[in-house]
Amino acid sequence: MSPDEYLSVLNPQQEEAVVHEGGSLLILAGAGSGKTRVITTKIAYMISHLHLDPYSILAVTFTKKAANEMKERAVLLEPKSAYAQIRTFHSFGAYFLRKYYMEAGVDKNFTVYDDDDMVNLVSKAIPTLPKKECSFVAHKISLAKDYCLTPDSSDFSQIGCTEEFADQYAAYEKRLRETGNVDFGDLILLPYLVLKNSALVKNEIHSRYRVIMVDEYQDSNVAQFLLLQQLSGVEDGVETYVCVVGDDDQSIYKFRGAEVKNILNFQNCFPDTKLVRLETNYRSSSQILACADSVVKNNAGRLGKTLVSARGNGKKPVLAFLENQDEECEFCSQLIENAHKKGVPYSDWAILYRTNAQSMGFESVFLRKKIPYTVVGTLKFYEREEVKDILAWLSFVANPKDEIAFRRIVNKPARGIGNTSQEKIVECGRGRSMLDGCREIKLSKKASEGVQFFVSLSVELDSMLNENPDAESGKKSKSKKKSLSDFVSAVSAKSGLEDYHRSQDEIAGTQKISNLQELANAASLYPCTKAGLLDFLDHIELDRTLENESEQDDSKDRVTMITLHNTKGLEFSRVIITGMEHGVFPREDKAGDELEEERRLFYVGITRAKDELYFTSCGMRRMYGQTKFMYPSPFLNEIDSSLMKVIGDTPPSYEPGLSAGEDPVAKKWHVGAQVYHDDYGYGVIASGKMNDEGEYVISVNFETGGTKRFLPKYQKSLVLEDCE
DNA sequence: GATCGTTCTATTTTT
DNA sequence: TAGAACGATC
């Protein structure tokens, strides 16, 4: 497309955003308003019309997928866009840290610890801490990093932590620095600190990046905001052009540290900000948008915008009240089957739910009815045991200071190196190299034999990467040139992990071996060198979504089953939002800010639909082995009934605020009453009160000695005894 | 270090 | 209910 062509397809607001120059720019882009088009066109425009050096443009997104799409589309418009930095926030951080590893105090060959690794490291850094609390602390540490809090920060109250957390955090951090590695939070936090502390680096960055763009800005966290501030030099009076794009109504990652305030306050932090609203929606019909609007307008503290559909009236959304889950699955499968008979492809459909567990019911029905489907986001390839084992080897070869990787592989398969031996080695080699620890420490005969094998294997594998094929004299046949996949295969074979997992496959009928082959395949694009290995690891660590390819492409026409969170950025012709029940969506414990976030999640779900939208709500649902009566989601009440076609009997609404005195349930199950329970026997009601949801909760002291709490409203196994 | 039984606990998760 | 995770035992 020629520059004038790609400008001519824009609407006035889009064009205004694209050609804007000068101060900063905040683009409030409603769902389906052509946001990506605007960003990519803007990149192309700056290069071709404003003659900006593509090298000086940095555009960051949150997902690899979004980054790839952005890059591809920008290159189509302007080939020179290929030289711009278009990447995820975290991959930019990794790139930055590889360049300034000295300043950041990390190893040149660092790898990235994931959440599991963090938990392991916490448990090693604080040996007295019980396992359960390790994951709690690890989670808090990553949250702390999202909020840009370091161990010496004075106040952890904003992440709900007390004094003792600072020590735990400090212990973890010390241990992490000894490995030379980083965690995800560091990919943002460390670049921020480097920029803050080094005028030299700062100058280098400021003179390079003249334009910085951030996509999905509503989901940026505090650390990312501060990093953006440093990168742009806005505080130092550097005139970097900053353009952020986002939609405050679609902020759904508060629980991970995302801060809506970033977008709400942008205009205060970046001077001379121009605000452009993109309010023309090219995705959904107006009846769908009417639902979306009537929901989201119940939220306070929005910048506010009204979407106008460019696609006409369309079909009225349908709300179906169903008796139970089975009916819900049946209803969905029939909708899809009937449409399929009329020629609607399966891939037009998406089934949305709040929690992953809800996919199960749909899966079994779809399996039985032979409706092809794909579940998005479950069992990630890189989280599988066998894959993690090999990755641990790869990370360890890259960086032998990595104690977590070391512990994972040193005794798998068993080589007689038990916990005590491992402890000794790590203690000895910490901060240097686990291999030094292996060589220097004295162990039992069995253990030292195992260690010897491990060390020589590490050395051998390491040397595979150091071979320089070009330096070899004589023949330079290209077919002989090794790729990293040879290295990965060698790791599986020589470590004994291949045999180990093959026997597991035979026992459990799993796919571990083919997963390992898949992993080796994925490495084939990289050279068999240290640099190639690091590249590969970065690619993997920073893109955990990559699925087993073979699973994906045997059939393209499939129904999508997906959590509401995972739908961000996607669109489907026909969308069914399931489980619209109080306690399921929104979840039970949500109130205030969190309830607003749930509402935004609902808004995101609705605005995924292009042509048809359905809601399903069940009167009963099996949860935790019990069948519970359900009330319709309060969100449904926010949509005027004239905006939907209702199927089935409307059940009574949920009524919060009944106090215990007025509640007939509470009168019946009064304190002091005798009860009998199928499993626990006779007991007396010791106390009764309303919980936050306005449900009456009793606690019962049983003759057998135990105390249990119940919701009598739902209780089937508990009966009142006559007191006579 | 493998296996079996008991106990506990149930979100969302771009990187 | 189901699955993971832990602890006791061989």
Side-chain angles (χ1 to χ4, degrees), chain A residues 60-69 87-95 112-119 130-132 134-135 139 142-143 145-146 182-189 214-221 223-224 227 246 250-258 325 352-361 376-378 380 382-383 411-421 446 504 507 538-546 562-570 579 583-590 594 597-598 600-602 604-605 621-628:
Chain A
V60 291
T61 65
F62 282 82
T63 67
K64 192 101 179 177
K65 199 174 161 195
N68 289 341
E69 188 190 347
R87 47 203 317 166
T88 65
F89 242 123
H90 289 85
S91 105
F92 174 76
Y95 164 84
V112 183
Y113 276 153
D114 68 10
D115 293 355
D116 272 356
D117 300 329
M118 282 183 78
V119 175
K131 267 277 150 59
K132 227 169 73 188
C134 287
S135 39
H139 175 242
S142 48
L143 210 56
K145 292 191 176 184
D146 288 345
V182 301
D183 56 28
F184 274 113
D186 284 338
L187 291 174
I188 308 298
L189 180 55
V214 185
D215 189 18
E216 304 280 15
Y217 191 65
Q218 76 282 353
D219 283 324
S220 59
N221 59 37
Q224 286 161 335
L227 176 58
Q250 294 188 62
S251 170
I252 55 174
Y253 283 107
K254 173 100 197 277
F255 68 96
R256 288 199 54 168
Q325 276 164 303
L352 277 47
Y353 37 77
R354 177 65 232 269
T355 62
N356 281 309
Q358 286 166 256
S359 75
M360 263 198 17
V376 175
T378 46
K380 299 207 175 99
Y382 293 113
E383 277 164 21
N411 199 34
K412 191 170 184 179
R415 300 187 181 95
I417 308 162
N419 238 317
T420 0
S421 305
K446 202 171 125 200
Q504 300 270 303
I507 298 163
D538 269 1
H539 178 84
I540 283 172
E541 289 301 339
L542 303 179
D543 182 15
R544 309 318 230 51
T545 52
L546 195 118
I562 189 169
T563 62
L564 284 145
H565 280 91
N566 268 323
T567 60
K568 199 169 84 169
L570 303 179
V584 174
F585 187 34
R587 279 187 59 80
E588 211 126 30
D589 42 357
K590 300 293 180 182
E594 290 192 318
E597 178 143 317
E598 294 274 300
R600 290 194 289 270
L601 187 57
F602 187 37
V604 167
R621 183 173 288 274
R622 281 187 304 276
M623 290 174 96
Y624 310 141
Q626 284 183 325
T627 301
K628 278 182 144 199

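Labels below follow one simple rule: chain letters A, B, ... track the order of the sequence lines, proteins then strands, and each chain is numbered from 1.
Annotation: ring pair (Phe, Tyr, Trp, His ring centres under 6.0 Å) contacts of A:Phe62 (sequence neighbours excluded): A:Phe89. Remark: A:Tyr95 engages no residue in a ring pair (Phe, Tyr, Trp, His ring centres under 6.0 Å) (not counting sequence neighbours). Every residue two or more places apart in sequence or in another chain that forms a ring pair (Phe, Tyr, Trp, His ring centres under 6.0 Å) with A:Phe602 is listed here: A:Phe585, A:Phe615, A:Phe635. Checked against salt bridge (charged side-chain N to carboxylate O under 4.0 Å, His left out), A:Arg621 has the following partners two or more places apart in sequence or in another chain: A:Glu328, A:Glu581.
Comparing the C1' positions of B:dT12 and C:dA5 gives an interatomic distance of 23 Å, to the nearest angstrom. Across B:dT13 and C:dA2, the matching C1' atoms stand 23 Å from one another, rounded to whole Å.
Comparing B:dT12, B:dT14, B:dT15 by their nearest atom to the side chain of A:Asp219 picks out B:dT14. Distances from the side chain of A:Thr355 to the nucleotides B:dT15, C:dC6, B:dT12 place B:dT12 closest.
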N/O to N/O distances under 3.5 Å, protein versus nucleotides 1-10 of chain B:
unit_1 : atom_1 : unit_2   : atom_2 : d
B:dG1  : OP1    : A:Asn411 : ND2    : 3.1
B:dT9  : OP1    : A:Lys132 : NZ     : 3.3

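OP1 or OP2 of B:dT13 lies within a sub-4.0 Å distance of a side-chain N or O belonging to A:Asn566.
Using a 4.0 Å heavy-atom distance criterion, A:Phe89 is classed as making no nucleic acid contact. Here A:Lys131 lies in heavy-atom contact (under 4.0 Å) with sugar-phosphate atoms only. Backbone-only engagement by A:Asn356 is indicated by non-hydrogen atom pairs under 4.0 Å involving sugar-phosphate atoms exclusively.
The base of C:dT1 is not paired with the side chain of A:Arg622 by any donor and acceptor separated by under 3.5 Å.
Regarding A:His565, its NE2 atom lies at a distance of 10 Å from the P atom of B:dT14, rounded to whole Å. Remark: C1' of B:dT14 and CG of A:Leu187 are 14 Å apart, rounded to the nearest angstrom. Look at CE on A:Met360: it is 13 Å from P on B:dT11, rounded to the nearest Å. Between the CG atom of A:Asp117 and the P atom of B:dT15 there is a distance of 16 Å, given to the nearest Å. We find that CG of A:Asn221 is positioned 18 Å from P of B:dT13, with the value rounded to whole Å. If you take CD of A:Gln224 and P of B:dT14, they are 14 Å apart, rounded to a whole angstrom. Between the NE2 atom of A:His539 and the P atom of B:dT15 there is a distance of 11 Å, given to the nearest Å. Here the P atom of nucleotide B:dT11 and the CD1 atom of A:Ile562 are 18 Å apart, to the nearest Å.
Counting only residues at least two apart or in different chains, salt bridge (Lys or Arg N to Asp or Glu O under 4.0 Å) contacts with residues 411-420 of chain A comprise A:Glu385-A:Lys412, A:Asp389-A:Lys412.
Nearer the 5' end of DNA chain B, as judged by each residue's closest nucleotide, is the contact made by A:Glu594, out of A:Glu594 and A:Phe62.
Between A:Thr567 and A:Leu352 there is a side-chain heavy-atom pair separated by less than 4.5 Å.
A donor-acceptor pair under 3.5 Å is formed between the side chain of A:Glu597 and the backbone N or O of A:Lys254. Distance alone, capped at 3.5 Å, places no donor-acceptor pair between the A:Tyr353 side chain and the A:Ser359 backbone.
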